[in-house]
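Contents: one structure, followed by commentary.
Lettering follows sequence order; numbering is per chain, from 1.
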Amino acid sequence: MKREYVTFVRRLSSLDEGVQTLFIKDLTPGPRKYDTKLVRAQLAREPESLSQGDLLWIRSETGYLHPKAWGIRVLEELPPHVPGQPWQDVFASLKNLK
Amino acid sequence: MAVSDLRGFIAALERSGDLVRIKREVDWDMEVGAISRRAYEKAGPALLFEKIKDYPPGYSILNGPVGTWRRVAVALGLPPETSVRQLYAAYEEKHERKLSPVTVDTAPCQEIVMAGPEVDVYQLPAPMVHDGDGGRYIGTWDIIVTRDPDTGWTNWGMYRFMIHTKNMLTGWPQATSQLAIMMKSKYLPRKQAMPVAVVIGCEPLCHMVATDPYKPGENEVEYAGGLRGEPVKLVRCKTQNLLVPADAEIVIEGEVLPDRIALEGPFGEYPGYRSGTMGEGVLVQITGITHRKNPILTLSTLGVPPDDSSIAASLTAAIAMKRGLRRRGVPVKDVYVPPEGVTHLIVVSVERGGSRVARQVLDFFTARRVMVSKVIVVDRDVDAFDMNQVLHAFATKCHPGRGIALEHYEGRGNALTPCYSADERRRLKGTSAVFDATWPEDWEEEGVPIKSSFETTYPDWLKEKVLAHWESDGLGGRL
Ligand SMILES: Cc1cc2nc3c(=O)[nH]c(=O)nc-3n(C[C@H](O)[C@H](O)[C@H](O)COP(=O)(O)O)c2cc1C
């Protein structure tokens, strides 16, 4: 069974394929559903194109759910935060990590 | 007298017929939210969910403590049918009688303690409130406690907080909130973490006070004591140097980190939309969690009005606005925040109208952080609490060319105002308008249109005669 995750982006167009660092939420049912992880992961628009990949649902900043899930293969789990001062843009900080 | 803890309030709601217990098992994952949302939209009761999937028996969730005017009345210790105008007056009057808190050594909120590595916030039944939220919101009807390291002043605010991991929360006190001002001016320059407590499940008056925008230096806990007619008991946190209400159900203790951030939001918010505030909040490292046995988590499933925000918090906002307008010398009579206007639309009635007064009103609403985008100013003969009268005055007295004044601003607007573009929201850029529905000050009295109503058109002797015959004419009771 593939695991399922969700991630949030400002716009779908700001998400790229390939190796990315992103926050994902684990959709596995149970009392820890929606737990957050910061991961380095391989992303692909077509889930089938990723061997041993899981499913990544994508929501925009209004919570709009894009109808089609991408594929994700988690390569590495990182501590669940990024550098930055309170109220700074998390996405800008994520970009700077690369 | 009002009650001193949430359990006492639940009992009072039960007595007045304003609470329903949901005894079947419900899922914390959206089901609690869906039932709660529909209950608000049907002007239904507060809901106590007694059996939550994945959680031990006895753990429960209370949605909508003050989501109707009846429940606000119960919270204030008044008869449930008290009118909105009387509720406003009671709140305004009671909260001026400040009472100092008392500090205690042992507290119900510390019956169970988790600290350090034992901390696991997933042991509490935080709901996934709406489909599409950024995560499980544990702080929706909370009190966020922080302390000024130099003066010792403690601030209470109500801000949303979401579970990030088992020992981290992310939250969104707006960048213009007192918490933000304290963090930016006192802790960030020293690169220090700021102690914080997320307090959940007090009786509602403490929470309502937390939504009230007091100035720095004012002790919200004293106002809460005044409203209750009984001092609030405070206890020291187990892992932070902060005092919190001893009778709370749950306290999450931690630190706002000065140099690390994580994803927060989005969340279905009080204007009735999820309009896209995300990724610009704060990260809290949890250091301890304390709670009562069988804790009750308070929840406000925010959305379209009415709910706890558009009812109870509108009341606290209105009283604060009236205070502020008076301080600025505006001849204010009443301020009403209609729930349907979700604190974006405000009605101000004034003893003397005219464009100069309308401008003063607009200047007050746009001076600091701006949460309001539309203000209707009406003359004193219009009952500000009666939206039929307000709409009539607006339709007839507000000159479309001369009666609307605008103020544009950046850096202090409301990031949640749905009509702002994503870019405006991010830059806290906005515009507020005042609609002057008063007669111009320079019109001569003989030329001012005369309102054609029973009250204003006929001589007193005739009105008295009409009223004296009203019953015997067969009109009594029906009209
Ligand atoms: C149910 C509810 C939720 C709220 N959530 C937030 C929030 O997430 N962030 C925020 O800045 N204000 C929020 N507010 C408004 C603040 O509580 C209000 O502005 C209060 O004055 C903040 O305290 P402060 O003046 O000490 O900053 C909320 C109000 C209510 C009634």
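- Side chain to side chain, Y34(A) and D133(B) fail the donor-acceptor criterion of an N or O pair below 3.5 Å.
- For the options D131(B), T277(B), V121(B), D29(B), heavy-atom pairs under 4.5 Å to chain A are most numerous at D29(B).
- Between R274(B) atom CZ and T62(A) atom OG1 the span is 6.5 Å, to the nearest 0.5 Å.
- Within the 3.5 Å criterion, the main-chain N or O of L257(B) finds no donor-acceptor partner in the side chain of H81(A).
- Proximity to chain B (any heavy atom under 4.5 Å) is shown, for K33(A), by both the backbone and the side chain.
- The closest side-chain heavy-atom distance from W87(A) to I261(B) is not below 4.5 Å.
- The CZ atom of R260(B) lies 12.0 Å from the CD atom of Q88(A); values are rounded to the nearest 0.5 Å.
- Residue E264(B) holds its CD atom at 10.5 Å from CZ of F8(A), rounded to the nearest 0.5 Å.
- Pairing each heavy atom of I163(B) with each of T36(A), the nearest pair is O-OG1, 4.4 Å.
- Within the 4.5 angstrom heavy-atom criterion, atoms from both the backbone and the side chain of L263(B) approach chain A.
- Atom NZ of K37(A) has more than 12 heavy atoms from other residues, nucleotides or ligands within 6.0 Å.
- R425(B) and E61(A) are not joined by a salt bridge, as no carboxylate oxygen comes within less than 4.0 angstrom of a charged side-chain nitrogen.
- Counted within 6.0 Å of OH on Y409(B), heavy atoms from surrounding residues, nucleotides or ligands total more than 12; the atom is thus considered enclosed.
- Residues D35(A) and H164(B) approach most closely at OD1-O, 3.6 Å, considering heavy atoms.
- Of all the listed residues (G134(B), G281(B), S275(B), G268(B)), the one sharing the greatest number of non-hydrogen pairs under 4.5 Å with chain A is G134(B).
- For the set Y122(B), W172(B), W28(B), F267(B), the count of heavy-atom pairs under 4.5 angstrom toward chain A peaks at Y122(B).
- Interface remark: of the candidates Q123(B), R426(B), Q174(B), R426(B) forms the most heavy-atom pairs closer than 4.5 Å to chain A.
- A pairwise comparison of heavy atoms in M183(B) and P86(A) identifies CE-CG, 4.1 Å as the closest pair.
- Q52(A) CD: 12 or fewer foreign heavy atoms inside a 6.0 Å radius.
- With a 4.5 Å cut-off on non-hydrogen atoms, M162(B) touches chain A through its side chain but not through its backbone.
- Looking only at heavy-atom pairs under 4.5 Å with chain B, the residue among S60(A), P83(A), G30(A) that has the most is P83(A).
- Heavy-atom distances place the side chain of R59(A), and not its backbone, under 4.5 Å from chain B.
- Side-chain atoms of K166(B) and R32(A), non-hydrogen and from C-beta on, do get closer than 4.5 Å to each other.
- Nearest heavy atom pair, residue R136(B) against residue P31(A), reads NH1-O, 2.7 Å.
- With values rounded to the nearest 0.5 angstrom, Q85(A) atom CD is found 13.5 Å from L283(B) atom CG.
- Taking chain A as the reference chain and counting heavy-atom pairs below 4.5 Å, the highest number among G135(B), A126(B), P173(B) is found for P173(B).
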